[in-house]
Protein chains: 2
Amino acid sequence: MATIRDVAKLAGVSVATVSRVLNQNGYVNEETEKRVRKAIEKLNYKPNEVARTLFKKTSKTIGLIVPDISNPFFPELVRAIEDVMNIYDYTVILCNSDEKSEKEKQYMDVLKQKYVDGMILTTNQLAIEEVMELDIPIVVLDRPSDHSFPSVIADNYHGARLATRHLYGIGCRKIAHIQGPAHVVNAMQRFYGYRDEMKSLGLWEEALIIQGNYQLRQAKEAVLQALQTNQVDGIFAGNDAMAVGALKAVQQLGLRVPEDVAIIGYDGIPLTEMTTPELSTISQPIYEMGAIAARLLVKKIEGQFIEQLHYVLPVTLIERESTNRRGKS
Amino acid sequence: MATIRDVAKLAGVSVATVSRVLNQNGYVNEETEKRVRKAIEKLNYKPNEVARTLFKKTSKTIGLIVPDISNPFFPELVRAIEDVMNIYDYTVILCNSDEKSEKEKQYMDVLKQKYVDGMILTTNQLAIEEVMELDIPIVVLDRPSDHSFPSVIADNYHGARLATRHLYGIGCRKIAHIQGPAHVVNAMQRFYGYRDEMKSLGLWEEALIIQGNYQLRQAKEAVLQALQTNQVDGIFAGNDAMAVGALKAVQQLGLRVPEDVAIIGYDGIPLTEMTTPELSTISQPIYEMGAIAARLLVKKIEGQFIEQLHYVLPVTLIERESTNRRGKS
DNA sequence: ATATTATATGTAACCGGTTACATAAAACAG
DNA sequence: CTGTTTTATGTAACCGGTTACATATAATAT
């Protein structure tokens, strides 16, 4: 690999001049620049980013910590982030934390040591003090903003009310909710939205809460169980995977969806279109969330002014067959 | 951020001694080491990885180029790679190429400039000469090994024969194949497997080939089209997404799956369990493929001997409802 | 004609580590 | 008791860029 000194020698100039040509700053004579460029070409010279990073303390790299990329909510989010960062010439280091704070801490330390210019965190275990003392630009994604970091999240509470109200609107009166893990803030928000809507409809009943863990299989079992003892005509699942689980359970019991039991999920991941019947869901603007978070981070890194620190994006109800009781639409 | 010189000063030794403590090499007196460690602790010193990289020319980082992380085949693969690399203390830079060679080339150049220790490539547009001249450890994943790089792939040809034979085994005689894009080598291998099996069964007919592009929607349309003109009692889809498309098409036409038309997919991604009926599929050992590729890369990077250069992993038939004609199993 | 400013280029320190080499004391051998 | 080896530590060059500063010539102003 050629270095800047090789280029300088071949062009008959000093390294400073080559550097000036590369960075297009300072004074360089036109003729000289041509010679330098020719030398660069000839040697197929590419500046060493590491040396640059060491001196400039900026690596054009960011860290992205997600719980688990194989959870179908995240690929699109990650894709959005990578797309935007790529436009601004940043590369993305991907880390899976499994929601474990030690793993997260470890990753954050390593990322800091590698001089990443910033991080996007998608996590529940956020230890704010630890993150603060990293003293690195941070954006928090898909998590609430009870802190001073810029954040992007969808409106979980409102989405849950929307879903519940929709089931009510199609005639459901015994609406169960499959709740996500209690340690996941978003899952709790969705639960609160469901609870408040149910209360305001006068339909609230503790017994209608089904405990889920965001996984299909467990949700299916829990729903099978719940349907033994409870009369239910609508199910609002805390995420799409659990909605599929509910669907399978209901079908297994020989009940019809949506006639006997209507089902709505949450997230709007692609698989909701793949089931039969297709699942209604509350769709989060996943790509947009990622893209906004990435742009926020770039602004933070480059020291630009940030007009809006916290984004709460609207969600939309997607009506599909699993809640369509008026026949084919 | 504290530097090694701060530590040296506080401990009253030279930077060389601190470095020796950090890297556990050379001679260091026990007492001295204690003092140094205390100073490190006190200053919360973390060595600067970038400086280290510059000198040692190894960054403990690898590049991973995939076509598109939001394609459901890749998240699990990426997860496996990240898991294994994490064990060996490497971080992973994720790049989406969209199968475009310019984008790939760009990424590879940037990665090289950032001194990544190696790359895992998952791509069809592989320009071998360009990759060769990077002169960096490479592992090729999910792509055939018509080259000198270590590679990991599943047995597409055999899997396709297996799928076809399975449909035959449950009584299908008019077996259609939804083919993936012609420029995707794996899709062609699957097609060849289908063709050869059909020929050896004496069932081969050009007309049974349906052109797909790996997407659900297009496959659905193509199948709707095909079923107008052709008698078909079995469909082997080139991937799982297209199998879902086929399922939707068949159901829309009022035909029963598997009784009228049996369907089998390819890949074994999670969504095959989420449809109704659940889809039979040829399952690739996705996680294992990623893990093996990662371990191969580590060996290559660390200059260890590689016993086996090319891995062709076996696939397995997963029988589910979409090809089960003997009733509930 | 001289002072001032713009243009052009080079030298060397610096970023924060690693390590070859030099030096010296301690331990051991003959 | 001297020579060799082992242990312990420091100095400074090096990795490959960037940039502050010095220097010099050309252009412009006074």
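In the text below, chain A, chain B and the rest are named by the order of the sequence lines, each starting its count at 1. Computation of the quantities below employed the complete heavy-atom set of this structure, encompassing side-chain atoms and omitting hydrogens, waters and symmetry-equivalent molecules.
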Undergrad: Determine the contact category for B/Ser19: base if any of its heavy atoms lies under 4.0 Å from a base atom, sugar-phosphate if only primed atoms, P, OP1 or OP2 are that close, otherwise nothing.
TA: base
Undergrad: Does a side-chain N-to-carboxylate-O contact under 4.0 Å join A/Glu307 and A/Arg295?
TA: no
Undergrad: Would you give the length of the straight line joining atom CD1 of B/Ile81 to atom CG of A/Leu94, rounded to the nearest 0.5 angstrom?
TA: 10.5 Å
Undergrad: Between B/Glu130 and B/Lys112, does at least one N-O distance fall below 4.0 Å, as a salt bridge requires?
TA: no
Undergrad: Under a 4.0 Å threshold between the charged nitrogen and the carboxylate oxygen, would B/Glu41 count as salt-bridged to B/Lys38?
TA: no
Undergrad: Going by an N to O cut-off under 4.0 Å, is there a salt bridge joining A/Lys42 and A/Asp6?
TA: no
Undergrad: Going by heavy atoms closer than 4.0 Å, what residues in residues 31-57 of chain A are next to DNA chain C?
TA: A/Thr32, A/Leu54, A/Phe55, A/Lys57
Undergrad: Does one side chain, of B/Lys114 or B/Thr61, offer a donor that lies under 3.5 Å from an acceptor on the other?
TA: no
Undergrad: Less than 4.0 angstrom from a charged side-chain N to a carboxylate O is my criterion; do B/Asp98 and A/Arg79 meet it?
TA: yes
Undergrad: For D/dT7, does OP1 or OP2 lie under 4.0 Å from any side-chain N or O of B/Tyr27?
TA: yes
Undergrad: Write down the protein N/O and nucleotide N/O pairs, taken from nucleotides 22-24 of chain D, whose separation is under 3.5 Å; answer none if there are no such pairs.
TA:
none

Undergrad: Identify the 5'-most and 3'-most nucleotides of DNA chain C with at least one atom closer than 4.0 Å to a non-hydrogen atom of chain A.
TA: C/dA6 to C/dG16
Undergrad: Which atoms form the tightest heavy-atom contact between A/Tyr90 and A/Glu302, and what is the distance?
TA: OH-OE2, 3.3 Å
Undergrad: Hey, which of these two, A/Thr17 or B/Tyr115, hits DNA chain D nearer its 5' end, going by closest nucleotide?
TA: B/Tyr115
Undergrad: Does a salt bridge link B/Arg37 with B/Glu33, judged by any charged N lying under 4.0 Å from a carboxylate O?
TA: yes
Undergrad: Would you call B/Glu102-B/Lys105 a salt bridge at under 4.0 Å N-O?
TA: no
